[in-house]
Novice: 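Let me begin by handing over the structure; questions about it come next.
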Amino acid sequence: MKQIIAELIESALHTLIENGTLPEDVQPKIMVENTRDKSHGDYASNIALTLAKPARSNPRQLAEKLVAALPQSDNLKRTEIAGPGFINFFISGASTSSLVKTILEEKGNYGRNNDGAGRKAQVEFVSANPTGPLHIGHGRGAAVGDCLCRLMEANGWEVTREFYYNDAGQQINNLALSVQARCKGLTPDDPSWPADGYRGGYIIDLAESFMRGDTVKSEDQSFTGTKDAEDLEAIRHFAVAYLRHEQDLDLKAFAVDFDVYFLESSLYSEGKVESAVQTLIENGFTYEQEGALWLRTTDFGDDKDRVMRKKDGGYTYFVPDVAYHLNKWQRGFNTVINEQGADHHSTITRVRAGLQALKADIPQGWPDYVLHQMVTVMKGGEEVKISKRAGSYVTLRDLIEEVGRDATRYFLAARKSDSHLTFDIDLARSESADNPVYYIQYAHARVCSIFRKLSENNLEWDEATGIAALDHLELESEKNLVINLGRYPEVVKNAASTREPHQIANYLRDLAGDFHTYYNSEKTLVESADLRNARLTLAVAVRHVLANGLDLLGVSAPEQM
RNA sequence: GUCCCAGUAGCUCAGUUGGAUAGAGCGGUCCCCUCCUAAGGGACAGGCCAGGGGUUCGAAUCCUCUCUGGGACACCA
């Protein structure tokens, strides 16, 4: 509808340019907006305000000329000029009908578009180290990342979900040493407990499982405990497999699936780290100093150069990261989004700098990053520190068990990811019935309930009659609902291009609110067959859009609550 | 010290990319089930949009400085 109005305005502008009211060289940016106040019409444009200066006219006069030059359209009932020079558009019943009809035809596809045109996009998210269960911060990453994927898919992209396993570093050594210490019966209080050891209770479970000789399976590996507390290599393998298995269960409980699990260790074993380093040296962006190899990241906007290879010969962590991203590029992903915690933000500059220094024709500013800020967990009125080493811990699975998957996903995805989030567990648990996600689901269930009642009364919804009678929907609340239904496709588009899945959640809350208001004020199952069928048709349209939007969030749309 | 993010109702947060009188939920006060599910609706109260300057027809939104909170700035991952 916005598009249609924009075209009408464009046509009027041409007329005004031809008759000399506007100079020929104007490059107007036509903006059509949803109005906040319905007395301002259904849509409004500020075009006369932005063009008043080049036209050397006052905005209201210009607006009048524009309105006069607007072509005739069935979609418009009337226009008016208001305030400093806004043009307000009131849409006609015909345009309402055609929108509802479109939704009924497209059903689950309504709101989807093909902007991506089947191009490949890759989203890397969660990517937790296999050193402990997933916590709420990972949960935020999982919720935001998965919604982003769903959004990209809804915009016509072919999305690959990828999880990067950091299985080759010092953290894994610490993990193995911690498990070994537990195998030997040590506790964190013992003097010989590893300095940076993990203290969480899950380490005890892990050690016991190893000493029992259990076999653990994860997505891509399997390992049996050797029961030998001196065999650090075996403990390392077992611990990684064990914790990956735990994380698999966490993700499954959260209904998040990955297409690719990428192992950091494979970058070493396949020589990719080494060859990336060679290229960087050959391209002349490195130098030796104090026994270490440095990358001149300052050439690419970093505030100081970074060490690539330490004095002891090991690589710093961003080197495999650069090799990893080169690999993503070589796999043909021109669009890559990395969803990470904000505490990793300093890596962005380095990875991008490294990629530029490879001279592999990778565009500047590639890849995209979506960062989520930290989650503060409150329990019993106090902040819970989510430190793996300290052992005080809120796992994602605990959270899902306490407040439910739908509510957890919604809560973590419904807020702008770059603002801090406070997750009050007591609130989420004790008032789970007041969680906004139920508000939206309830609207969906209510539509379904109307249809149950309909058949109890031995009546049927006649879709054809309903569509033909849509012009009976003349109430403000009904028109308002339709306008909001019409917004959905642009919300889907906008949320994807700005990488902001929370927009979907906000939209759904608004739509659900409008429907609840309508439901309370007007009865759907009225005597008049025409009006009844028209209202049922509108209700079906609402149900489709609610279900489509909830699906983008990975939240279920129950028929009954 | 440098960089990133944030600061909007008592609390948790939105604010459609610069529009008209700043909005929800929770909490507070008060109404609405003879009625398709009250997990709902309606009404009231609650605001110096952290603060100062600037940009323009117009600023919570853009620029700049200041203040406050969080995070990042290792030859840790």
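Sequence lines set the chain letters: A, B, ... in the order given, protein chains first and strands last, and positions in each chain run from 1. Values reported hereafter were calculated over all heavy atoms of this structure, with side chains retained and with hydrogens, waters and symmetry mates removed.
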Novice: Considering only the P atoms, how many Å lie between B:C13 and B:U8, rounded to the nearest integer?
Specialist: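 Straight-line distance between the two P atoms is 9 Å.
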
Novice: With a 4.0 Å limit, can you tell me whether A:Lys304 has a side-chain N or O closer than that to the phosphate oxygens OP1/OP2 of B:U2?
Specialist: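 No, outside the criterion.
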
Novice: What pairs of nitrogen or oxygen atoms, one from the protein and one from nucleotides 12-16 of chain B, lie under 3.5 Å apart?
Specialist:
unit_1	atom_1	unit_2	atom_2	d
B:U12	O2'	A:Arg415	NH2	3.0
B:C13	OP1	A:His420	O	3.1
B:C13	OP1	A:Thr422	N	3.0
B:A14	OP1	A:Lys416	N	2.8
B:A14	OP1	A:Ser419	OG	3.3
B:A14	O3'	A:Asn506	ND2	3.3
B:A14	O2'	A:Asn506	ND2	2.8
B:G15	OP1	A:His502	NE2	3.0

Novice: Any base atoms under 4.0 Å from A:Asp343, or only sugar-phosphate, or nothing? Heavy atoms, all strands.
Specialist: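 Sugar-phosphate contact only - A:Asp343 comes under 4.0 Å of backbone atoms but never of a base.
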
Novice: I want to confirm an ordering. Mapping A:Val307 and A:Leu454 to their closest nucleotides on RNA chain B, which one lands closer to the 5' end?
Specialist: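 Here A:Leu454 is the residue nearer the 5' end.
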
Novice: Under 4.0 Å, counting only non-hydrogen atoms across every strand here, what does A:Lys453 touch: a base, just sugar-phosphate, or nothing?
Specialist: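 Sugar-phosphate contact only.
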
Novice: Could you work out the separation of B:A14 and B:U34 based on their C1' atoms and round it to a whole Å?
Specialist: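 Comparing C1' positions in B:A14 and B:U34 gives a spacing of 39 Å.
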
Novice: Using whole Å, report how far CD of A:Glu80 lies from P of B:A20.
Specialist: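 Rounded to the whole Å, the gap is 16 Å.
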
Novice: For the ring pair A:Phe163 and A:Phe125, is the centre-to-centre distance below 6.0 Å?
Specialist: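 Aromatic pair excluded; centres sit 6.0 Å or further apart.
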
Novice: Is it the case that the ring center of A:Tyr165 lies less than 6.0 angstrom away from the ring center of A:Phe262?
Specialist: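 No, the ring of A:Phe262 stays outside the 6.0 Å limit from the ring of A:Tyr165, centre to centre.
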
Novice: Please compare A:Leu49 and A:Arg309 by the position of their nearest nucleotide in RNA chain B and report the one closer to 5'.
Specialist: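 In this pair, the answer is A:Leu49.
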
Novice: Please determine whether side chain to side chain donor-acceptor pair (under 3.5 Å) holds for the pair A:Asp302 and A:Thr297, giving the CA-CA distance in whole Å, both sets of side-chain angles, and the decisive distance to 0.1 Å.
Specialist: CA-CA 5 Å; A:Asp302 205 353; A:Thr297 53; 3.0 Å; yes

Novice: Partner lookup for B:C44, please. Criteria are Watson-Crick or G-U wobble with both distances under 3.5 angstrom; report none if nothing qualifies.
Specialist: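 The base-pairing partner of B:C44, which may sit in any strand shown, is B:G28.
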
Novice: Using atom CG of A:Leu371 as one end and atom P of B:C3 as the other, report the distance to the nearest whole Å.
Specialist: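 For the pair A:Leu371 CG and B:C3 P, the rounded distance is 18 Å.
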
Novice: With hydrogens left out and only the distance checked, is there a donor-acceptor pair under 3.5 Å joining A:Asp321's side chain and the base of B:A77?
Specialist: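 Per atom types, no contact qualifies.
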
Novice: Can you tell me how far C1' of B:A77 sits from CG of A:Asn129, to the nearest Å?
Specialist: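 After rounding, the reported distance stands at 6 Å.
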
Novice: Write down the distance separating the C1' atoms in B:G53 and B:C67, rounded off to the nearest Å.
Specialist: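 Here B:G53 and B:C67 have their C1' atoms 15 Å from each other.
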
Novice: Base, sugar-phosphate alone, or nothing: which one does A:Ala82 contact when heavy atoms must sit under 4.0 Å apart?
Specialist: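 Base: the residue A:Ala82, judged by heavy atoms under 4.0 Å, touches a nucleobase.
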
Novice: Look at all strands and tell whether A:His40 reaches a base, only sugar-phosphate, or nothing, counting heavy atoms closer than 4.0 Å.
Specialist: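 Base contact - A:His40 has a heavy atom under 4.0 Å of at least one base atom.
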
Novice: In whole Å, measure the gap between the C1' atoms of B:C35 and B:G41 for me.
Specialist: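 After rounding to an integer number of Å, I get 13 Å for this pair.
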
Novice: Taking B:U21 as the reference, what is the distance to B:A60 when you measure between their C1' atoms (whole Å, please)?
Specialist: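 About 15 Å, rounded to a whole number of Å.
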
Novice: Within a strict 4.5 Å, meaning less than it, do heavy atoms of the A:Arg352 and A:Tyr369 side chains meet?
Specialist: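 The answer is yes; the side chains approach within 4.5 Å.
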
Novice: Out of B:A77, B:G40, B:C73, which nucleotide sits closest to the side chain of A:Lys310?
Specialist: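 Looking only at heavy atoms from C-beta outward on A:Lys310, the closest nucleotide is B:A77.
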
Novice: In whole Å, I'd like the distance from the CZ atom of A:Arg306 to the P atom of B:U2.
Specialist: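 The distance from CZ of A:Arg306 to P of B:U2 comes to 16 Å, rounded to the nearest Å.
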
Novice: Establish, with yes or no, whether the OP1 or OP2 oxygen of B:G42 is under 4.0 angstrom from a side-chain nitrogen or oxygen of A:Thr517.
Specialist: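 Yes.
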
Novice: Name the pairing partner of B:C3, where a pair is Watson-Crick or G-U wobble with both distances under 3.5 Å, or state none.
Specialist: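 Per the H-bond distance test, B:G71.
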
Novice: Are A:Phe318 and A:Met308 close enough, and set up right, to give a side-chain contact (heavy atoms from CB on, under 4.5 Å), and what steps lead you there?
Specialist: CA-CA 8 Å; A:Phe318 88 93; A:Met308 292 170 62; 4.1 Å; yes

Novice: Could you check how far OH of A:Tyr438 sits from C1' of B:G41, rounded to whole Å?
Specialist: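 These atoms are roughly 21 Å apart.
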
Novice: Would you kindly give the CZ-to-P distance between A:Arg350 and B:A72, to the nearest whole Å?
Specialist: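 Going from CZ in A:Arg350 over to P in B:A72 covers 12 Å.
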
Novice: Take the protein atom CG of A:Leu511 and the nucleotide atom P of B:G23, then report the distance between them rounded to whole Å.
Specialist: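 Distance, rounded to whole Å: 20 Å.
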
Novice: Quick one, A:Glu490 with A:Lys2, criterion salt bridge (charged side-chain N to carboxylate O under 4.0 Å, His left out). Give me CA distance, side-chain angles, the key distance, then yes/no.
Specialist: CA-CA 10 Å; A:Glu490 71 193 59; A:Lys2 277 187 180 175; 2.5 Å; yes

Novice: Base, sugar-phosphate, or nothing for A:Asn88, non-hydrogen atoms under 4.0 angstrom?
Specialist: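 Answer is base: heavy atoms of A:Asn88 come under 4.0 Å of a base.
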
Novice: In this structure, how many angstroms lie between the P atom of B:G58 and the CZ atom of A:Arg60, rounded?
Specialist: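 Taking atom P of B:G58 as the reference, CZ of A:Arg60 is at 17 Å.
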
Novice: Contact class for A:Met561 vs. all strands (heavy atom < 4.0 Å): base, sugar-phosphate, or nothing?
Specialist: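 Base contact.
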
Novice: Could you please name the partner base of B:G58, counting Watson-Crick and G-U wobble pairs only when both distances are under 3.5 Å?
Specialist: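 For B:G58, the partner nucleotide comes out as none, under the 3.5 Å rule.
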
Novice: Kindly label the base of B:C35 as syn or anti, based on whether its glycosidic torsion lies within 90° of 0.
Specialist: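 Anti, which is what one calls it when the glycosidic angle falls more than 90° from 0.
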
Novice: Testing A:Ile4, A:Thr35, A:Ile91 one by one against A:Tyr43 for a side-chain contact (heavy atoms from CB on, under 4.5 Å), which residue passes?
Specialist: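 Running side-chain contact (heavy atoms from CB on, under 4.5 Å) over A:Ile4, A:Thr35, A:Ile91 with A:Tyr43 returns exactly one hit, A:Ile91.
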
Novice: Suppose you measure atom P in B:A72 against the same atom in B:C63; what distance do you get, rounded to whole Å?
Specialist: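 After rounding to an integer number of Å, I get 25 Å for this pair.
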
Novice: Taking the side chain as every heavy atom from C-beta outward, state whether A:Ile9 and A:Ser45 have any atom pair closer than 4.5 Å.
Specialist: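 Yes, their side chains come closer than 4.5 Å.
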
Novice: At under 4.0 Å between heavy atoms, what does A:Tyr519 touch on the DNA or RNA strands: base, sugar-phosphate, or nothing?
Specialist: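 The residue A:Tyr519 makes base contact.
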
Novice: With rounding to whole Å, what would you report as the distance between B:C30 and B:U16 at their C1' atoms?
Specialist: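 To the nearest whole Å, 33 Å.
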
Novice: Say whether A:Gln340 and A:Tyr164, considering side chains only, have a donor N or O and an acceptor N or O under 3.5 Å apart.
Specialist: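 No, because no side-chain N or O of A:Gln340 sits under 3.5 Å from a partner of the opposite role on A:Tyr164.
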
Novice: Reckon A:Glu290 touches a base, only the sugar-phosphate, or nothing at all at heavy-atom distances under 4.0 Å?
Specialist: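 Base: the residue A:Glu290, judged by heavy atoms under 4.0 Å, touches a nucleobase.
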
Novice: Taking the P atom of each, how far is B:G7 from B:U61, in whole Å?
Specialist: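 Comparing P positions in B:G7 and B:U61 gives a spacing of 11 Å.
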
Novice: According to a strict under-4.0 Å criterion, is A:Tyr439 in side-chain N/O contact with OP1 or OP2 of B:G41?
Specialist: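 Yes, because at least one side-chain N or O of A:Tyr439 sits under 4.0 Å from OP1 or OP2 of B:G41.
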
Novice: Indicate whether the side chain of A:Arg236 and that of A:Asn173 have a donor and an acceptor atom separated by less than 3.5 Å.
Specialist: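 Yes, side-chain donor-acceptor contact under 3.5 Å.
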
